[in-house]
Amino acid sequence: MERPKSPLNLRIALAAFGLIVTATLAALAALADWALAAAILSVIAAFSIGNLATLIYIRSKRGGSHSLFE
């Protein structure tokens, strides 16, 4: 039986999207002088960076392809 495919590249794409959205919203919140919202969104963006780095590391260990499902 063939091994099931992992959506690792899809997870990377979603993590990158989350990073872009939260970083943008944090910058907009900072410009609007919403300090608490900017701080919370910055923390979420920092977790997104860690998640993205972990996923890229896992993909490099597996030797992935460019499809969303490997």
Side-chain angles (χ1 to χ4, degrees):
M1 209 166 145
E2 191 176 321
R3 182 174 177 233
K5 299 188 179 231
S6 169
L8 189 59
N9 287 336
L10 179 61
R11 288 174 56 195
I12 291 171
L14 291 174
F17 175 75
L19 174 61
I20 292 168
V21 168
T22 54
T24 303
L25 289 176
L28 291 174
L31 289 174
D33 290 330
W34 294 351
L36 182 62
I40 292 170
L41 287 166
S42 297
V43 169
I44 294 171
F47 279 114
S48 296
I49 291 171
N51 185 24
L52 188 58
T54 303
L55 290 172
I56 291 172
Y57 175 75
I58 291 170
R59 186 178 78 176
S60 70
K61 287 293 187 183
R62 287 187 185 174
S65 64
H66 294 289
S67 72
L68 288 180
F69 297 93
E70 341 181 304

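Along the sequence shown, the residues carry numbers beginning at 1.
Each of Thr54, Asn51, Leu55 was evaluated against Ile12; a single residue qualifies, Leu55, per the side chain to side chain contact (heavy atoms under 4.5 Å, CB included) test.
Under a hydrophobic-cluster definition in which Ile, Leu, Val, Met, Phe, Trp and Tyr are linked whenever side-chain heavy atoms come within less than 4.5 Å, directly or via other members, Leu52 and Ile58 are assigned to the same cluster. Hydrophobic clustering places Ile56 together with Ile49 (ILVMFWY residues linked when any side-chain heavy atoms are closer than 4.5 Å, directly or through intermediates). Side-chain heavy atoms closer than 4.5 Å link hydrophobic residues (I, L, V, M, F, W, Y) into clusters, and following such links, even through other members, never connects Ile44 to Leu19.
The shortest non-hydrogen separation linking Asn9 to Arg59 is OD1-CD, 2.8 Å. Nearest heavy-atom pair across Ala23 and Ala45 is N-CB, 4.3 Å. Here the closest non-hydrogen pair linking Ala38 and Ala30 is CB-N, 3.8 Å.
Scanning for side-chain contact (heavy atoms from CB on, under 4.5 Å) contacts around Val21 gives Phe17, Leu25, with sequence neighbours left out.
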